[in-house]
There are 4 protein chains.
Amino acid sequence: MLAALRNQARDAAPRKCEGVSPQRYVAIRSATVDLCEGLSADDCQAQGMPDASPVKWHLAHTTWFFDTLVLGGEARAPFASLFNSYYRSVGAPWPRAQRGLLTRPSLDEVLAWRERVDRDVLALLEGGGGAATDHIELGLQHEQQHQELLLADLKHLLSQNPLRPACRPTAPRPRAEAAPPRWIARPAGLVEIGHNGDGFCFDNELPRHRVWLEPHALASRPVTNGEFLEFVRDGGYRNPLLWLADGWEAAQAGGWQRPLYWSAACDSAFTLGGDQPLRPDEPACHLSYYEADAYARWVGARLPREAEWEAGAASHGEVWEWTASAYAAYPGYRAPAGPLGEYNGKFMCNQLVLRGGSCVTPPGHVRPSYRNFFPPHARWQFSGVRLAKDLA
Amino acid sequence: MLAALRNQARDAAPRKCEGVSPQRYVAIRSATVDLCEGLSADDCQAQGMPDASPVKWHLAHTTWFFDTLVLGGEARAPFASLFNSYYRSVGAPWPRAQRGLLTRPSLDEVLAWRERVDRDVLALLEGGGGAATDHIELGLQHEQQHQELLLADLKHLLSQNPLRPACRPTAPRPRAEAAPPRWIARPAGLVEIGHNGDGFCFDNELPRHRVWLEPHALASRPVTNGEFLEFVRDGGYRNPLLWLADGWEAAQAGGWQRPLYWSAACDSAFTLGGDQPLRPDEPACHLSYYEADAYARWVGARLPREAEWEAGAASHGEVWEWTASAYAAYPGYRAPAGPLGEYNGKFMCNQLVLRGGSCVTPPGHVRPSYRNFFPPHARWQFSGVRLAKDLA
Amino acid sequence: MLAALRNQARDAAPRKCEGVSPQRYVAIRSATVDLCEGLSADDCQAQGMPDASPVKWHLAHTTWFFDTLVLGGEARAPFASLFNSYYRSVGAPWPRAQRGLLTRPSLDEVLAWRERVDRDVLALLEGGGGAATDHIELGLQHEQQHQELLLADLKHLLSQNPLRPACRPTAPRPRAEAAPPRWIARPAGLVEIGHNGDGFCFDNELPRHRVWLEPHALASRPVTNGEFLEFVRDGGYRNPLLWLADGWEAAQAGGWQRPLYWSAACDSAFTLGGDQPLRPDEPACHLSYYEADAYARWVGARLPREAEWEAGAASHGEVWEWTASAYAAYPGYRAPAGPLGEYNGKFMCNQLVLRGGSCVTPPGHVRPSYRNFFPPHARWQFSGVRLAKDLA
Amino acid sequence: MLAALRNQARDAAPRKCEGVSPQRYVAIRSATVDLCEGLSADDCQAQGMPDASPVKWHLAHTTWFFDTLVLGGEARAPFASLFNSYYRSVGAPWPRAQRGLLTRPSLDEVLAWRERVDRDVLALLEGGGGAATDHIELGLQHEQQHQELLLADLKHLLSQNPLRPACRPTAPRPRAEAAPPRWIARPAGLVEIGHNGDGFCFDNELPRHRVWLEPHALASRPVTNGEFLEFVRDGGYRNPLLWLADGWEAAQAGGWQRPLYWSAACDSAFTLGGDQPLRPDEPACHLSYYEADAYARWVGARLPREAEWEAGAASHGEVWEWTASAYAAYPGYRAPAGPLGEYNGKFMCNQLVLRGGSCVTPPGHVRPSYRNFFPPHARWQFSGVRLAKDLA
């Protein structure tokens with residue numbers, strides 16, 4: 001009887017890709033390895049926490065993606081399947097919390113594997129790419145996502161070392177923004193959000209659809225360190241009435257008293273270049289959703305919804321901006337068939353959408369319809385706050 | 001500089017209440033005690049799990065609500081503050097997971113306290129209620145919410161006892177629905193949702209506002225036991241590709257193989273009347289969001305968004321119906337000032353909205369704009385599934 | 001090949017029992033119920049922590065012991081098997097941490113079951129007891145052990161209630177001992193320990209055997225509150241060099257800063273009669289092995305070994321006294337055949353022996369060879385410290 | 001008043017050391033580095049479980065021992081204090097479970113530090129050693145203990161890798177022993193145990209003292225794989241009546257069904273040389289105390305007490321042999337003054353003594369009075385079973 005309710009056609013949402021040039025392939029793949037300059041094999045092995053991954057794992061997993069999902073057939077390494085992250089349709093993934101146990105293959109073996117895979121993908125590309133073009137494009141976008149994750153995970157790992165090591169002389173940091181914030185108003189009305197046009201997008205940005213927005217205003221820029229410091233000094237971390245119930249629990253359990261990486265004196269912060277003085281005009285960063293939300297409540301404002309953000313975004317910030325929108329399927333969303341259907345859809349629960357991009361997002365990777373997502377307690381991403389408010 | 005962004009006015013959203021009659025007050029308060037008929041003091045003391053509360057606690061907490069938030073001033077019992085659930089603006093709540101440790105006050109003392117409080121509230125009501133009327137109304141609505149929670153918590157407690165006790169001869173169960181399901185379509189368009197009119201509503205149902213809906217259809221009734229059994233028999237609980245990632249983890253960690261309370265043979269279920277044969281035409285019940293979502297994916301459908309549900313709901317079901325909407329503030333939402341601001345707003349994270357009502361919801365308690373909410377792993381509520389789908 | 005190593009004969013160690021008089025049976029069984037005077041059914045239901053048991057459970061479990069292990073055959077209650085504590089040879093025990101979930105049977109039903117069982121055991125005794133005499137005697141000794149456990153568990157439960165309830169007007173407390181401590185020396189030599197003579201003993205007190213003792217001295221009395229307070233004031237709880245490694249971890253994890261039940265000001269302590277002033281001359285009580293050991297190290301002494309204690313004990317103290325001896329089988333020990341073989345032997349690991357007896361031990365229950373045992377972190381028993389030292 | 005009980009003199013037990021030759025120092029220190037041949041920096045970084053340590057940490061910690069406790073004064077590396085294991089009298093140790101996070105210093109930096117420390121210790125030795133001789137000797141004995149731990153920890157780490165890597169072509173394994181076991185009897189009597197003579201010993205082997213032994217017999221050799229396999233096949237892992245209560249819990253929680261490292265078919269075992277066929281005549285290895293004890297009960301025998309073992313040991317086995325003796329201070333034991341007082345004494349709780357030595361114990365490291373110790377659940381050491389029994 002239920003058969004009548006069943007949707008038979010379950011096609012992947014169409015995403016047109018222009019061809020991928022060998023030059024671009026090489027540039028993006030090399031950029032990942034370049035991020036590891038100055039790191040020892042020791043640095044690349046360790047897993048700083050169950051939610052994060054070792055640098056070596058990122059190098060290997062992005063290679064597994066091409067090896068398994070683009071080249072397919074015979075794996076170019078006997079250990080390939082160890083680096084399946086979460087694609088259950090192609091085997092049983094190695095447990096996330098145990099990625100740091102994989103001392104074999106060694107870093108050198110992983111790098112050699114990268115070369116073998118790159119050689120074969122380039123051969124494919126030089127033959128025009130053919131049916132694989134879309135998957136190669138997705139592989140490159142995936143690689144870029146992991147470039148940012150690699151840096152966030154590495155920063156978190158090194159921050160736990162009492163030696164406070166600097167892994168590179170100059171570390172990417174959000175640019176300071178000195179101008180006072182302004183409210184940018186938008187009247188009620190119907191807007192369209194979701195990807196539009198021919199370029200690449202992820203399935204979770206589709207389909208483009210209409211959303212009704214009530215009158216509201218967005219702040220002209222993210223909250224700065226100096227502004228967030230006022231919240232800290234006003235006892236914001238000690239007042240449960242400012243927090244979501246789950247947020248207050250997380251803050252107590254984790255002993256949160258200030259943003260992650262800030263020194264106890266609130267005058268310096270750990271960076272990929274070691275401890276550096278806190279710059280008041282820099283966007284506040286490494287905030288969880290709970291902290292962002294508590295800050296907004298303290299100010300008497302709120303966080304933006306993702307449709308408000310997308311409709312209003314003129315430029316991208318220097319930090320990912322938490323929205324008040326739970327990560328969920330757009331109306332009409334269809335997960336693609338096959339393993340790639342596991343890329344995004346199955347994470348549409350218990351996470352909040354972040355918009356914008358950050359100082360460690362690879363150039364050209366993001367767009368206004370781009371949806372990043374993390375659970376509300378996550379603090380180790382380059383995430384900050386943009387305020388919004390309702391208008392009467 | 002941020003002061004300019006701060007919203008000064010923070011008024012409670014207006015909710016007009018008609019007067020509360022002494023008869024209605026007595027009827028609702030008595031109904032709670034009536035639910036305990038046949039229970040021993042032992043039954044009322046135990047806490048079945050950290051997420052649930054003892055029956056005695058429900059009796060005491062609803063009384064604390066009137067004593068503290070309506071009568072105020074001097075508490076009518078020295079132990080009153082032990083039954084503050086989560087209102088941090090009026091003191092430090094006793095930890096939820098330890099509610100079962102409070103053997104003092106005894107059940108008798110709690111019942112005597114109920115009488116003292118009722119006498120004083122009735123005196124107030126006989127004087128017209130005055131400024132307290134709104135709070136008394138809220139207290140009664142709150143009482144009704146706890147009547148349903150009391151039964152869900154009690155059922156969960158008794159279900160763990162190998163004696164499989166029946167706590168009442170006939171237990172409320174969802175009514176069977178024999179008709180085959182139909183799809184009820186709605187074209188794209190702007191709808192209004194949120195409370196409308198003069199009657200009582202909770203702050204989270206306000207303000208009424210517009211939402212754009214894309215074309216979709218809702219099933220004419222919830223999924224039945226017989227239909228859900230097909231999912232179980234088809235290996236639905238063993239196929240990770242049908243589940244959200246967090247749902248699969250929860251199912252594995254909890255050893256889920258069928259709905260909560262079903263026997264291993266899937267032919268009976270535990271009820272407040274003990275083990276009873278499974279009725280195929282009864283709405284499937286005690287499903288988590290994860291199970292509801294997996295079932296919908298197996299069918300090739302999806303769960304409804306709450307605006308779709310509210311726009312389309314012609315009648316209420318016999319089980320709470322999970323929606324795909326995270327519990328969040330409506331555009332323009334303002335939490336009330338004072339302790340009642342903690343009633344709803346601070347839970348707007350990590351929960352999903354359920355709509356409708358259930359066989360244990362007190363008559364007259366719900367309305368189409370009513371928003372129930374629970375975390376996605378919760379199975380012990382009277383919760384089921386209504387299907388939805390996108391239309392081209 | 002190994003068969004040659006196998007011990008074929010596995011007889012229970014012989015323990016001669018005098019006959020059990022009906023009067024004594026009634027007196028001991030009644031004493032358990034008498035301990036519950038003034039308690040509500042609520043008090044009897046709750047389980048204060050996983051290591052402790054509800055009062056109702058103690059009432060039921062001691063009855064299960066007679067019903068199953070003495071009367072055997074058909075159980076006198078359909079729920080009997082729920083109160084098997086840990087005897088796997090007669091079925092699967094209900095999990096210890098979930099004893100507080102058993103609201104059915106009710107307290108009244110348990111008390112009625114006690115009466116049915118007592119009637120049948122008395123009938124047996126009036127017929128002379130016969131082959132069951134030894135098991136009845138063991139059941140009475142077991143009952144007395146649970147009388148002490150019941151009070152310790154109840155005290156722990158009530159201590160967690162912010163109302164600080166007194167469950168009886170006068171509570172048993174260790175007697176004050178004003179005399180200064182003396183060292184009582186013993187030269188090197190061979191001693192005999194273990195039960196000697198015709199009276200009842202547990203299997204773990206057998207066989208009597210020889211132990212060589214090096215020269216040492218025992219203190220003439222246990223350490224008092226006043227003496228232990230000096231340790232607290234001297235920073236004993238903040239100095240890791242005084243503690244066993246595992247003890248320091250337990251103290252940090254549990255936030256130990258003083259003995260369990262002492263007020264923060266160290267001037268009162270929770271008792272079964274509510275909060276009472278701390279008496280300096282009373283033996284210090286409710287100490288874990290870790291605290292006892294740290295205190296001894298601070299003084300420059302050590303804890304006694306159990307053979308030293310047994311050889312030297314002239315009288316019993318008012319608190320159980322931790323010894324430095326791990327609970328282990330005596331040379332030649334044989335666990336009895338059948339379910340009673342599970343009574344003691346399988347706990348001979350990860351526990352330390354305590355000797356003496358306490359202010360809540362039933363009169364006549366203990367003897368010099370009596371071996372009590374608890375894990376080293378246990379604080380909720382009536383346990384204290386007697387010092388010892390080596391002599392050159 | 002208690003001052004009279006306090007032992008004033010708290011001298012270290014005297015342990016005479018012969019001089020340490022530079023050749024021996026170099027040989028022992030080099031042996032540690034030699035164990036790492038064939039390992040990558042990745043292998044040396046990872047921590048396989050909280051109870052185990054990374055190879056790099058072992059290399060660093062043994063060096064810290066000489067740097068801090070022998071050379072003292074100015075540390076030869078800014079990171080030295082990170083490798084303090086548990087000596088609280090010289091600072092706050094880095095948490096054990098987080099040793100794998102220390103990617104800085106790198107393996108290369110640790111090896112360079114080893115060289116700096118060795119150069120300075122050798123300079124001291126060439127000057128005769130002087131007052132430092134005893135500490136240098138202790139440092140070398142400590143180094144040898146870590147050589148065995150390093151291999152056990154490495155084996156455990158690699159065993160978790162699905163690639164089942166071999167880290168060396170031939171791995172040390174216990175020698176096979178084909179002869180049938182015999183019982184070697186000893187009549188009752190007084191024996192002396194503890195270190196005797198001039199050579200090095202640890203403080204926990206002192207003082208030599210008398211122990212009375214009742215008549216008993218020891219098996220002539222440890223239990224073999226073939227013999228233990230009979231226990232597995234007879235359902236030994238499924239019968240709770242064979243196990244200590246805590247052992248049964250550990251076995252259920254850990255899913256134990258056979259010895260650690262055995263394949264499911266019980267025909268091969270993981271070794272430092274990868275998976276190898278199980279040899280029936282080899283001593284059974286990697287058993288916890290709980291498994292050893294259950295096996296002995298199944299056979300109708302028991303485990304030896306450590307005094308029985310020491311009195312009877314004619315030769316050392318190929319596996320460490322669990323004894324039934326809890327690790328405790330000998331009569332008259334005094335922990336040395338200063339940091340070295342933390343070496344052994346504070347672990348005298350919750351552990352069992354193992355005697356003998358294993359196939360990975362450095363030659364010449366052990367002696368009949370040597371006391372190894374581990375908690376009863378530990379399976380990753382090279383530990384097996386020798387049987388004992390009481391004689392009438």
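Protein chains get the first letters and strands the later ones, always in sequence-line order, with residue 1 at the start of each.
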Report every donor-acceptor pair between chain C and chain B with a separation under 3.5 Å, backbone and side chains included.
residue: C:Asp42; atom: OD2; partner: B:Lys56; partner atom: NZ; Å: 3.0
residue: C:Asp42; atom: OD2; partner: B:Leu107; partner atom: N; Å: 2.9
residue: C:Asp43; atom: OD1; partner: B:Thr103; partner atom: OG1; Å: 2.6
residue: C:Asp43; atom: OD1; partner: B:Arg104; partner atom: NE; Å: 3.0
residue: C:Asp43; atom: OD2; partner: B:Arg104; partner atom: NE; Å: 3.0
residue: C:Asp43; atom: OD2; partner: B:Arg104; partner atom: NH2; Å: 3.0
residue: C:Lys56; atom: NZ; partner: B:Asp42; partner atom: OD2; Å: 3.0
residue: C:Thr103; atom: OG1; partner: B:Asp43; partner atom: OD1; Å: 2.6
residue: C:Arg104; atom: O; partner: B:Asn161; partner atom: ND2; Å: 3.0
residue: C:Arg104; atom: NE; partner: B:Asp43; partner atom: OD1; Å: 3.0
residue: C:Arg104; atom: NE; partner: B:Asp43; partner atom: OD2; Å: 2.9
residue: C:Arg104; atom: NH2; partner: B:Asp43; partner atom: OD2; Å: 2.9
residue: C:Leu107; atom: N; partner: B:Asp42; partner atom: OD2; Å: 2.9
residue: C:Asn161; atom: ND2; partner: B:Arg104; partner atom: O; Å: 3.0

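- With a 4.5 angstrom heavy-atom cutoff, B:Leu82 touches chain C only via side-chain atoms.
- Using a 4.5 Å cut-off between heavy atoms, C:Leu107 touches chain B through backbone and side chain atoms alike.
- With a 4.5 Å cut-off on non-hydrogen atoms, B:Pro105 touches chain C through its backbone and its side chain both.
- Residue B:Pro162 comes nearest to C:Leu102 through the heavy atom pair CD-CD2, 4.2 Å, listed as atom of the first residue, atom of the second, then distance.
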